[in-house]
Amino acid sequence: MTGANSFSVSGYGPERAGWTRVFARDAMARRLDWPILLAAIALSFIGSLLVFSATRNRTEINQGDPYYFLIRHAMNTGIGLALMIGTVWLGHRTLRNAVPVLYGLSVLGILLVLTPLGSTVNGAHSWIVLGGGFSLQPSEFVKITIILGMAMLLSARVDAGDKPHPDHRTVLQALGLAAVPMLIVMLMPDLGSVMVMVIIVLGVLLASGASNRWVFGLLGAGALGAVAVWQLHILDDYQIARFAAFANPELDPAGVGYNTNQARIAIGSGGLTGAGLFHGSQTTGQFVPEQQTDFVFTGAGEELGFVGAGLIIVLLGVVLWRACRVARDSSDLYGTVVAAGIVAWFAFQSFENVGMTLGIMPVTGLPLPFVSYGGTSMFAVWVAVGLLQSIKVQRPLSA
């Protein structure tokens with residue numbers, strides 16, 4: 001007898017099959033991109049310290065428990081890691097087949113925000129409150145489905161060998177797929193998420209090999225669209241005020257410019273090594289609003305100084321560098337485009353978050369990946385890490 005049956009007859013079948021599974025798991029573990037994983041874990045750990053420092057004395061939001069946000073941040077990170085493992089186990093190619101379902105669910109999620117189920121936080125009507133202190137921001141998952149959906153369309157005929165690069169019809173279909181959720185998110189309005197999605201679309205198109213005319217055309221259309229949005233007064237008053245404060249920080253230092261001014265004071269006071277964890281006057285004095293979420297980087301600047309803040313940027317750089325390697329080494333265009341979309345997402349969101357605390361970018365309410373407190377955003381970035389790991393693991397050994 002041959003094959004599996006011969007092992008069974010000889011008495012070694014179950015043992016050998018078991019060892020084969022163990023070796024397969026070990027081989028997968030060895031092929032993971034450990035720099036990405038370790039850097040992301042380190043960022044989440046640093047984030048937990050900064051979140052704890054910013055919230056332990058804020059009885060008005062921590063319900064009298066100084067560990068309230070720390071525990072939830074750790075829980076969010078743990079759930080995120082589980083989602084990453086699940087994503088690697090399923091594989092990015094399996095998720096490719098599920099794109100229509102995932103896309104439909106993500107669009108349904110953001111549509112529900114526009115119903116009475118939606119809730120407004122910091123001016124953006126982009127949340128669904130679940131109760132028990134938990135809430136959901138569906139637009140975070142839209143970023144993932146846009147990447148997967150566009151990658152599926154743009155790579156289908158190329159990976160099949162029918163075309164050397166996506167044709168104009170395919171690019172139009174991909175842009176249409178991205179435009180629907182982006183328009184819905186714009187109605188919330190969640191301008192920060194829309195900005196990230198625009199960058200994702202551009203990154204995906206560049207990685208797919210689509211004609212550069214599409215990229216330049218979208219840049220031109222985006223510039224015209226921004227002028228039109230401003231002239232037609234589509235933006236809410238608080239959004240216009242944020243851009244005005246960005247253009248002139250001294251315009252309203254006690255009002256709309258307060259966050260940015262306090263953020264720069266906090267970061268500037270940290271010096272080289274910082275005031276020490278839990279010893280920052282701006283942080284302990286609660287001068288910086290939303291310091292556990294959007295402005296978490298200010299706590300790093302004040303309490304950990306240039307060294308600690310620089311470490312966060314270096315770790316983010318490691319994630320981006322290794323993600324670029326994953327995109328470059330992918331065995332198919334689909335994997336390359338997915339990885340490139342994640343790179344564009346992480347790079348822009350990180351730059352925007354750090355930039356707004358330094359006053360070089362407008363305040364948009366985007367979290368710092370892996371560091372800021374927040375469930376949905378944490379889940380989304382860890383799913384993205386899972387996609388990167390899947391592309392790395394499923395690459396042929398010869399690639």
Undergrad: Between Ser281 and Glu302, is there a side-chain heavy-atom distance shorter than 4.5 Å?
TA: yes
Undergrad: Rounded to the nearest 0.5 Å, how far apart are CG of Leu90 and CG of Leu83?
TA: 10.5 Å
Undergrad: Just wondering, do Arg157 and Asp167 contact through their side chains at under 4.5 Å, heavy atoms?
TA: yes
Undergrad: What about Val196 and Leu187, same hydrophobic cluster or not, with Ile/Leu/Val/Met/Phe/Trp/Tyr joined at side-chain heavy-atom distances under 4.5 Å?
TA: no
Undergrad: Group every Ile, Leu, Val, Met, Phe, Trp and Tyr by side-chain heavy-atom contacts under 4.5 Å, then state whether Ile265 and Phe295 land in the same group.
TA: no
Undergrad: So which heavy atom on Thr55 is nearest to which on Asn62, and how close?
TA: O-ND2, 2.9 Å
Undergrad: Name the orientation class of the two ring planes belonging to Tyr373 and Phe69 (parallel below 30°, tilted from 30 to 60°, perpendicular beyond 60°).
TA: perpendicular
Undergrad: Determine the interplanar angle of the Phe52 and Phe278 rings, folded into 0 to 90°, and report it as parallel if under 30°, tilted if 30 to 60°, perpendicular if over 60°.
TA: perpendicular
Undergrad: Passes side chain to side chain contact (heavy atoms under 4.5 Å, CB included), Ser193 versus Met197? Steps please.
TA: CA-CA 6 Å; Ser193 293; Met197 293 173 194; 4.2 Å; yes
Undergrad: With heavy-atom distances below 4.5 Å as the criterion, would you say the side chains of Ser211 and His168 are in contact?
TA: yes
Undergrad: Side chains of Thr260 and Arg264: does their closest heavy-atom pair fall under 4.5 Å?
TA: yes
Undergrad: Using atom types as modelled and distance alone, determine if a side-chain donor or acceptor of Glu303 lies under 3.5 Å from a backbone N or O of Gly280.
TA: yes
Undergrad: Just do the side chain to side chain contact (heavy atoms under 4.5 Å, CB included) check on Leu95 and Leu387 with the steps written out, would you?
TA: CA-CA 9 Å; Leu95 292 175; Leu387 289 170; 3.7 Å; yes
Undergrad: Less than 4.5 Å apart, any side-chain heavy atom of His73 and any of Thr77?
TA: yes
Undergrad: Please identify each residue that fulfils side-chain contact (heavy atoms from CB on, under 4.5 Å) with Ile184, with sequence neighbours left out.
TA: Val107, Ile110, Leu111, Leu114, Val180
Undergrad: Please find the pair of heavy atoms, one from Val204 and one from Met150, that lie closest to each other, and give the distance.
TA: CG1-CB, 3.9 Å
Undergrad: Within 45° of the six-membered ring axis of Tyr334 and under 6.0 Å from that ring's centre, is NZ or CZ of Arg93 located there?
TA: no
Undergrad: Which distance, rounded to the nearest 0.5 Å, do you find between the CG of Leu202 and the CG of Leu218?
TA: 6.0 Å
Undergrad: Applying side-chain contact (heavy atoms from CB on, under 4.5 Å), name anything that partners Ala384, two or more places apart in sequence or on another chain.
TA: Ile342, Trp345, Phe346
Undergrad: I want to check something: taking the side chain as every heavy atom from C-beta on, are Leu81 and Trp382 in contact at a cut-off of under 4.5 Å?
TA: yes
Undergrad: Val201 and Met182: side chain to side chain contact (heavy atoms under 4.5 Å, CB included), yes or no, with the steps?
TA: CA-CA 11 Å; Val201 169; Met182 288 172 63; 4.2 Å; yes
Undergrad: Is there a donor-acceptor contact under 3.5 Å from the side chain of Ser330 to the main chain of Ala327?
TA: no
Undergrad: Taking atom CG of Leu320 and atom CD1 of Ile36, what is their separation to the nearest 0.5 Å?
TA: 9.0 Å
Undergrad: Which atom pair, heavy atoms only, marks the closest approach of Gly386 to Val88?
TA: O-CG2, 3.5 Å
Undergrad: Which residues satisfy the side-chain contact (heavy atoms from CB on, under 4.5 Å) test with Arg58, sequence neighbours excluded?
TA: Glu60, Ile61, Gln286, Gln292
Undergrad: Quick check against the 3.5 Å criterion: does Ser53 have a side-chain atom that pairs as donor or acceptor with the backbone of Leu49?
TA: no
Undergrad: Just by modelled atom types, is the Val142 backbone N or O under 3.5 Å from a matching donor or acceptor in the Thr145 side chain?
TA: yes
Undergrad: State whether the side chain of Arg31 and the backbone N or O of Val393 hold a donor-acceptor pair below 3.5 Å, judged by distance alone.
TA: yes
Undergrad: Do the side chains of Lys392 and Asp33 get close enough for a salt bridge, i.e. N-O under 4.0 angstrom?
TA: no
Undergrad: Do you know which two heavy atoms are closest between Ile312 and Ile46, and how far apart they sit?
TA: CD1-CG2, 4.0 Å
Undergrad: Mind listing the closest non-hydrogen atom pair of Ile128 and Pro138 along with its distance?
TA: CD1-CG, 4.0 Å
Undergrad: Working note: Leu102 + Ile144, criterion side chain to side chain contact (heavy atoms under 4.5 Å, CB included); need CA distance, chi angles, decisive distance, verdict.
TA: CA-CA 9 Å; Leu102 297 175; Ile144 297 174; over 6 Å; no
Undergrad: Using atom types as modelled and distance alone, determine if a side-chain donor or acceptor of Tyr103 lies under 3.5 Å from a backbone N or O of Leu148.
TA: no
Undergrad: Which heavy atom of Ala263 sits nearest to which heavy atom of Thr357, and what is that distance?
TA: CB-O, 3.6 Å
Undergrad: With a 3.5 Å cut-off and no angle check, do the side chains of Ser377 and Glu140 form a donor-acceptor pair?
TA: no
Undergrad: Would a single hydrophobic cluster contain both Leu105 and Val185, if residues Ile, Leu, Val, Met, Phe, Trp and Tyr are joined by side-chain heavy-atom contacts under 4.5 Å?
TA: no
Undergrad: Using the rule side-chain contact (heavy atoms from CB on, under 4.5 Å), only one of Leu316, Thr293, Leu368 pairs with Asn353; which is it?
TA: Leu368
Undergrad: Find out whether Val296 and Gln291 are in side-chain contact, i.e. whether some heavy atom of one side chain is under 4.5 Å from a heavy atom of the other.
TA: no
Undergrad: Identify whether Leu219 and Val198 are in the same connected component of the hydrophobic contact network (ILVMFWY, side-chain heavy atoms under 4.5 Å).
TA: yes
Undergrad: Taking a hydrophobic cluster as the set of Ile, Leu, Val, Met, Phe, Trp and Tyr residues connected by side-chain heavy atoms closer than 4.5 Å, whether directly or through intermediates, do Val99 and Ile200 fall within one such cluster?
TA: yes
Undergrad: Between Ser48 (side chain only) and Phe45 (backbone N and O only), is there a donor and an acceptor less than 3.5 Å apart?
TA: yes
Undergrad: Is there a donor-acceptor contact under 3.5 Å from the side chain of Thr283 to the main chain of His279?
TA: no
Undergrad: Test side chain to side chain donor-acceptor pair (under 3.5 Å) on Thr298 and Gln282; report intermediate values, then the result.
TA: CA-CA 9 Å; Thr298 63; Gln282 290 289 108; over 6 Å; no
Undergrad: Rounded to the nearest 0.5 Å, what separation is found between the CG atom of Asn97 and the NE2 atom of His92?
TA: 11.0 Å
Undergrad: Rounded to the nearest 0.5 Å, how far apart are CH2 of Trp214 and CG of Leu205?
TA: 8.5 Å
Undergrad: For the CZ atom of Arg96 and the OG atom of Ser155, what is their distance to the nearest 0.5 Å?
TA: 4.0 Å
Undergrad: Kindly indicate whether the side chain of Thr364, heavy atoms from C-beta on, has any atom under 4.5 Å from the side chain of Leu191.
TA: no
